[in-house]
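Both backbone and side-chain heavy atoms feed into the values below; hydrogens, waters and symmetry mates do not.
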Amino acid sequence: MDTWQRRTLIYLVGLAGVILGFAVAYDYGMSAFESEPREFLHSLQVVVETFTTTGFGSDAPWESTGMRLLVIAMDITGVVLIFLALPVLLFPLFEEAIETNAPTTVERDLEDHVVICQFTPRGETLVTELESWDVDYVIIEPDSDRADDIYEEGYHVIHADPQSVEGLEEARLTDARALVADASDQVNTSIVLTAREVDEHVRTVSVVEEPDRAKYHDLAGADHVLSPRQLLGESLASKVTTGVSTTLGDSIEVGEDFDIAELPIHRGSELVGTTLAESGIREETGVNIIGAWFRGQFVSPPSPDAELDGSTVLLASGTARQLESLKSMTLSSVRGFRRGETVIVGYGEVGQTIAEDLQTARVPHTILDRQEKDGVDVVGDATEPEDLRAAGVEDARTVILALSEDTDTEFATLVIRDLNPEVEVIARAEETENVTKMYRAGADYVLSLATVSGRMLASTILEDENVISMDQQVEIIRVDAGDLAGTTLGEADVRSRTGCTVLALERNGTVLTDLGPDVRIQYGDSIVIAGTDAGVTRFKQLY
């Protein structure tokens with residue numbers, strides 16, 4: 001029995017008791033006070049007429065004070081019971097009638113889709129990526145209220161149990177291209193085992209929170225086991241160990257000497273305070289600026305009037321020599337290329353991964369953590385100035401915040417910025433919605449776990465497409481010239497029309513990367529473009 005049914009039963013039983021009570025009182029009152037005895041059934045009829053406001057004219061008026069008070073009490077009680085019935089009984093019925101309930105099975109024929117078992121913040125990034133590549137999906141959500149909320153937000157979701165054969169069959173798993181298990185570690189293994197029971201050949205991707213449990217996901221039959229926190233640590237460490245975070249290389253084979261670089265502008269760089277047009281980046285280095293992050297917001301292509309500061313991260317393409325020239329411009333003119341001390345705050349899974357990568361790159365670092373354990377140099381609280389001083393924050397060049405609580409990260413950023421205004425603060429965010437607050441607190445670079453893991457899942461599932469990086473909203477694709485054949489790059493005006501940047505042309509086995517507006521696209525050419533999810537979609541629609 002659900003809540004509404006239980007409340008209805010209680011209300012009806014109570015209503016019947018009140019009516020019978022008043023009927024007995026009325027029957028007694030007519031005999032005792034009015035000297036006009038009535039049959040009990042007549043007294044009951046008068047009470048029902050009173051409660052339903054249909055009247056009681058046959059017995060009015062009453063002469064005695066006792067009966068008048070009784071009738072007044074009956075009138076008030078009847079009105080109260082009527083108004084009580086509205087929120088208790090009628091309103092829930094109306095809400096149930098108009099509310100949108102998630103279906104329990106897919107409402108349309110699906111093929112080559114992705115089945116996502118439970119919806120998490122990283123699932124939002126995954127869904128965005130799938131939609132940009134026109135890949136269908138269906139979310140299986142076991143919680144009915146959560147499923148209804150997701151359905152009302154416009155996602156393709158069904159209310160079912162992903163650990164049951166019936167639930168996966170309702171999602172048409174046998175026709176799917178892949179299944180993503182994105183619940184807890186234990187539930188994910190159960191989902192993978194059930195998926196193998198439904199279809200032994202479907203690709204399964206399982207997310208593991210604790211890396212030491214990955215082997216059990218393998219034993220359950222998962223084709224891919226992903227550890228988002230490990231990748232997050234590697235991505236954060238890459239901001240210190242190298243400026244070139246992603247190369248096209250073997251994955252897309254544009255050319256032997258052609259890279260994509262993500263380069264943060266350091267505090268103290270000659271670029272700080274200039275606009276993109278004033279910076280002279282294109283003239284001095286020859287690189288192509290594909291996009292840029294301004295306080296965590298990615299813009300592609302960036303406006304020539306956009307001002308560069310210590311929180312700006314440039315995404316550029318060019319030869320290794322060109323990118324090295326740009327890298328020298330982004331570094332601090334005071335500190336130059338010297339690798340200063342790096343302080344890692346937090347030594348959980350993410351912090352340990354960062355430390356391992358810095359150790360491999362031979363970057364000196366100090367580790368601060370609340371608990372005393374192997375590898376920790378300073379035991380202390382990240383929000384306490386004295387503990388941060390003991391870790392060397394005042395003299396550090398970079399501080400990497402690998403804390404699991406976003407509120408601690410935000411507060412620690414404020415303290416660190418007060419202790420050392422020139423230090424570079426690289427931070428981890430557990431929740432995507434807190435990224436903006438961390439930038440406001442003074443962080444130079446913030447990476448969201450949900451974003452990293454979501455794009456990690458996307459790149460695993462979309463194995464035929466190239467997702468440039470787990471922490472970026474940029475994609476690289478190669479397409480035939482199509483409708484652009486016969487036009488020059490200037491006439492095509494791809495960048496202003498779609499927001500995408502033409503990186504290279506492939507012609508008769510030769511890759512052309514030195515492109516100007518007068519270069520004419522020929523029939524048979526292949527074009528390599530870079531852009532955001534939305535930009536790539538616009539490019540596909542136009543050309």
Distance from [X] atom [atom1] to [Y] atom [atom2], nearest 0.5 Å?
| X | Y | atom1 | atom2 | result |
| --- | --- | --- | --- | --- |
| R440 | T413 | CZ | OG1 | 14.0 Å |
| E124 | I150 | CD | CD1 | 9.0 Å |
| L219 | T189 | CG | OG1 | 10.0 Å |
| Q118 | R146 | CD | CZ | 10.0 Å |
| T104 | I158 | OG1 | CD1 | 7.5 Å |
| S404 | R428 | OG | CZ | 6.0 Å |

Quick check: do [X] and [Y] have side-chain heavy atoms less than 4.5 Å from each other?
| X | Y | result |
| --- | --- | --- |
| P103 | E170 | no |
| I367 | V378 | no |
| R229 | T353 | no |
| Y137 | V115 | no |
| L401 | I426 | no |
| T312 | L314 | yes |
| T360 | L358 | no |
| D175 | D112 | no |

Short question: side chain of [X], backbone of [Y] - any donor-acceptor pair under 3.5 Å?
| X | Y | answer |
| --- | --- | --- |
| D369 | Y347 | yes |
| T409 | E405 | yes |
| H224 | A222 | no |
| N188 | A183 | yes |
| R370 | G380 | no |
| R497 | F539 | no |
| Y151 | H156 | no |
| N288 | I290 | no |
| D480 | S526 | no |
| D136 | E111 | no |

Taking everything shown except [X] itself, do over 12 heavy atoms lie less than 6.0 Å from its [atom1]?
| X | atom1 | result |
| --- | --- | --- |
| E153 | CD | yes |
| K373 | NZ | yes |
| E169 | CD | yes |

Practice problem: Show the numbers, then the answer: is there a side chain to side chain contact (heavy atoms under 4.5 Å, CB included) between L457 and V205? | Solution: CA-CA 8 Å; L457 287 169; V205 182; 3.7 Å; yes
Quiz item: Any salt bridge between R196 and D223, counting N to O under 4.0 Å?
Solution: yes
Quiz item: Is E410 salt-bridged to K437, going by a charged N under 4.0 Å from an acidic O?
Solution: yes
Non-hydrogen atoms of [X] and [Y] that approach each other most closely:
| X | Y | answer |
| --- | --- | --- |
| H201 | D199 | N-OD1, 2.9 Å |
| S453 | P228 | CB-CB, 3.3 Å |
| T383 | V415 | O-CG2, 3.9 Å |
| L484 | A492 | CD2-CB, 3.6 Å |
| L168 | I191 | CD1-O, 4.3 Å |
| A450 | T432 | CB-OG1, 3.4 Å |

Quiz prompt | No-hydrogen, no-angle side-chain donor-acceptor test under 3.5 Å, H217 and S206 | solution = yes
Quiz item: Strictly by modelled atom types, are Q163 and S190 linked by a side-chain donor-acceptor pair under 3.5 Å?
Solution: yes
Quiz item: Would V180 and V114 count as a side chain to side chain contact (heavy atoms under 4.5 Å, CB included) if you check the C-alpha gap in whole Å, the side-chain angles of each, and the deciding distance to 0.1 Å?
Solution: CA-CA 7 Å; V180 175; V114 177; 4.0 Å; yes
Practice problem: For L226 and T460, run side chain to side chain contact (heavy atoms under 4.5 Å, CB included): C-alpha distance rounded to whole Å, both residues' side-chain angles, the deciding distance at 0.1 Å, then the answer. | Solution: CA-CA 9 Å; L226 306 182; T460 302; 3.6 Å; yes
Practice problem: Hey, can you tell me if Y155 and F119 have their rings parallel, tilted or perpendicular (30° and 60° cut-offs)? | Solution: tilted
Exercise. Check the pair L236, V350 against side chain to side chain contact (heavy atoms under 4.5 Å, CB included), reporting the backbone distance first and the verdict last.
Key: CA-CA 9 Å; L236 291 172; V350 175; 4.1 Å; yes
Practice problem: Check E430, E431, E209 against R122 for a salt bridge (Lys or Arg N to Asp or Glu O under 4.0 Å) and give me the one that passes. | Solution: E209
Quiz prompt | Worked check of salt bridge (Lys or Arg N to Asp or Glu O under 4.0 Å) between R213 and D218 | solution = CA-CA 9 Å; R213 296 180 178 177; D218 288 325; over 6 Å; no
